[in-house]
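A short worksheet on the structure shown next.
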Amino acid sequence: MINVIKMDLYRMFKTKSLYVVWLIFILLIIFSTVMIKGDYSEDAIQQENYQTSIQASENENIGMNVILPTKPGERITVYDSFYANVKGKAVALFIVIFAVIFSTADMKSGFIKNIGGQVKNRISLVLSKALILTLFTILTMFLFLGVQGICNHWFFGYLKWGPWKEFLSYFGLSLLLHIAFAMIVMAAAIIIQNNVFSMALAVCLCMNMIFIIYSFLDKVAAAIHIKDFHFVLYTVTGKIAMLPIKMNGKDIRSAAIVSIVYILISLVFSSFVVQKRDLD
Amino acid sequence: MKWLLSTNELTKQFGRQKAVNGVNLHIKRGSIYGFIGRNGAGKTTCLKMICGLSTPTSGEIEMFGYRGKGLKNVRSRIGCLIEGPGLYGNMNAKDNLEIKCRFCGIKKAGYAEELLELVGLHEVGKKKTKHFSLGMKQRLGIALALVGEPDLLVLDEPINGLDPQGIAEIRDILIKLKEERNMTILISSHILEELSKVATDYGIIHQGTLLQEITQEELMQRCSERIEIVMEHPNLALPILDDMGFTKYQVIDQECIQIFERLDESASLNIALGKAGIPVKELSITNEELESYFLNLTGGARHD
């Protein structure tokens with residue numbers, strides 16, 4: 001198992017797409033900060049953004065958007081910028097792109113045939129990928145944090161991190177939710193074995209394009225007399241988008257439980273498939 | 001342990017079709033076992049099961065004295081190249097090898113370079129493998145299979161698509177591995193002529209069924225020049241052959257004897273049989289090309 005992890009770790013840092021994804025991600029943060037600065041300088045627009053960000057915690061919309069939750073007149077904190085980008089699922093999008101590329105690279109290239117028969121338990125191949133994607137998610141989140149801090153300093157002329165305790169809670173929980181999302185996408189990519197479909201599915205999840213399915217499930221729940229059931233509240237992407245900037249204990253607990261459940265389901269399914277499937 | 005690898009009624013079924021049907025392979029330690037069959041005969045499926053990439057529908061594999069769940073413990077002693085080399089195209093040859101080295105827990109400095117040298121790829125530098133020629137890819141695939149010094153090397157059609165020089169290079173590598181490392185090699189191909197230059201034993205598979213296992217000596221004997229006598233009662237001719245001092249002969253069936261020595265004495269043999277009153281229908285000096293031997297065994301030149 002340790003050797004499989006070492007192998008995947010080496011592969012991750014040798015994969016060009018890792019650096020491409022990070023480079024584009026950094027450019028997006030810079031672009032996003034520039035756009036935020038533009039909006040922030042217009043009081044009327046920022047007032048509207050502020051209202052929208054409060055409402056967006058209760059409703060989920062189709063598409064991606066980065067809306068600053070800062071009250072007009074207040075100073076923009078790194079927490080505000082971080083929250084806006086996480087909520088808009090910009091970070092999630094980059095994580096899943098890499099998750100798909102990394103998870104399927106060994107199958108797509110056929111390299112898995114060099115090792116698939118020699119590994120004592122194929123589950124270790126899945127667990128190793130899961131660990132590496134977890135590491136990637138952690139590194140990406142910290143990269144995001146660092147770059148966002150630098151951008152705030154550059155573009156706004158000051159660096160204010162925001163309330164540390166709340167920021168740390170939100171950062172930790174976002175990290176867990178993004179790891180869960182990466183696991184879901186990894187499992188889908190391993191099971192589907194097709195980059196295009198896996199990527200399309202991941203992007204659809206980020207963009208809430210499968211909201212129609214959630215609505216259908218809500219109606220099914222209503223039909224069988226389950227009151228006030230909203231499937232989106234039990235999804236990882238739903239949690240990423242609807243987690244409020246000021247979280248209470250219930251928000252933290254439910255997001256953590258949803259993340260852990262999805263991580264476990266993803267690992268169990270993908271491990272089962274890899275264990276049973278012939279390697280072609 | 002008589003065999004390094006043997007299979008017992010190994011079968012793989014896809015839907016209703018049996019891709020491999022009750023195959024019993026027997027591979028000796030230190031041999032180069034040529035696994036011959038036409039395209040779609042079931043060679044790759046069989047090799048995949050041996051390498052643990054595919055699960056048999058039924059039957060059993062015994063390797064290094066282990067079978068069943070115990071095979072997990074010895075599969076790390078196999079190096080394989082199945083259905084073409086699996087390489088990360090955006091990485092260079094050394095990086096591909098380093099990945100496998102980490103998987104095998106090999107930390108020795110310069111190990112990847114040694115393997116590249118062995119397969120003649122030591123001068124490729126930073127060139128990405130997606131820009132490699134087919135021959136270079138095949139050689140790197142063999143190098144990957146060699147990581148960890150496997151006891152059994154399984155190569156599926158390693159000479160497919162190679163030019164004559166590339167084929168010769170692969171052949172040299174295989175001979176070197178057998179001679180220097182006493183490695184057991186299982187190599188599949190549909191070109192018997194090429195395999196015959198390296199193999200010590202053969203298994204011939206057709207439509208999922210193993211038709212024959214044969215040693216190099218037996219194959220050469222069957223394909224070598226010989227006197228072939230067709231007559232009604234071959235047993236009557238045997239005392240004559242003995243009297244004339246022939247020792248290397250074989251009664252093939254109820255009408256045919258083959259003699260593998262003193263081919264220039266066919267005329268005197270014919271006279272002796274005539275004198276003894278043994279009617280000879282046909283006496284000829286004949287031989288069989290390796291390919292025609294294979295084609296005859298697998299049902300002629302037609303592809304069904």
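- Applying a 4.5 Å heavy-atom cutoff, the residues of residues 9-20 of chain A that approach chain B are A/Tyr10, A/Arg11, A/Lys14, A/Thr15, A/Lys16.
- Note that CZ of A/Phe98 and OG of A/Ser103 are 8.5 Å apart. Values are rounded to the nearest 0.5 Å.
- Side-chain polar atoms of A/Thr33 and A/Gln148 form a donor-acceptor pair below 3.5 angstrom.
- Residue contact with chain A, scored on non-hydrogen atoms closer than 4.5 Å, is absent for B/Lys130.
- The shortest distance between side-chain heavy atoms of A/His178 and A/Val86 falls below 4.5 Å.
- When atom types are taken as modelled, the side chain of B/Lys137 and the backbone of B/Pro85 share no donor-acceptor pair closer than 3.5 angstrom.
- Between chain B and the residues A/Gly116, A/Ser128, A/Gly110, A/Ser109, the most heavy-atom pairs under 4.5 angstrom are made by A/Ser109.
- The choice from A/Lys113, A/Lys6, A/Lys276 that makes the most heavy-atom pairs within less than 4.5 Å of chain B is A/Lys113.
- By number of non-hydrogen pairs under 4.5 angstrom with chain B, the leading residue of A/Ile2, A/Asp278, A/Ile5 is A/Asp278.
- Below 4.5 Å, heavy atoms of chain A meet heavy atoms from B/Asp95, B/Asn96, B/Glu98, B/Ile99, B/Lys100, B/Arg102, B/Phe103, B/Cys104, B/Gly105, B/Lys107, all part of residues 93-110 of chain B.
- Residues B/Lys28 and B/Asp201 are paired through a salt bridge, judged by an N-O separation under 4.0 Å between the basic side chain and the carboxylate.
- Looking at heavy atoms from C-beta onward, B/Leu146 lies in side-chain contact with B/Met183 at the 4.5 angstrom threshold.
- Between the side chain of A/Ser270 and the backbone N or O of A/Ile190 there is no donor-acceptor pair closer than 3.5 Å.
- With B/Asn8 contributing its side chain and B/Glu60 its backbone, the two residues share no donor-acceptor pair below 3.5 Å.
- Taking B/Thr55, B/Val74, B/Leu71 one by one and counting their heavy-atom pairs under 4.5 Å with chain A, the maximum is reached by B/Thr55.
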Please report the C-alpha distance between A/Phe102 and A/Phe136 in whole Å, then the side-chain angles of each, then the deciding distance to 0.1 Å, and finally whether the ring-ring contact (aromatic ring centres under 6.0 Å, His included) criterion is met. CA-CA 10 Å; A/Phe102 186 78; A/Phe136 168 75; 8.5 Å; no
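- Contact count against chain B (heavy-atom pairs under 4.5 Å) is highest for A/Gln118 among A/Arg122, A/Lys108, A/Lys120, A/Gln118.
- When heavy atoms are compared at a cutoff of 4.5 Å, B/Cys80 approaches chain A by way of both its backbone and its side chain.
- Here the two rings, on A/Tyr234 and A/Tyr262, have centers that are 6.0 Å apart or farther.
- Between B/Phe35 and the options B/Leu155, B/Leu47, B/Ile50, B/Asp156, a side-chain contact (heavy atoms from CB on, under 4.5 Å) holds for only B/Leu47.
- Looking only at side-chain heavy atoms (C-beta outward), A/Gln193 and A/Val273 stay at 4.5 Å or farther from each other.
- Put simply, the residue from B/Ile185, B/Ile78, B/Thr184, B/Ile187 that forms a side-chain contact (heavy atoms from CB on, under 4.5 Å) with B/Val154 is B/Ile78.
- For A/Asn121, no part lies near chain B; criterion is any non-hydrogen pair under 4.5 Å.
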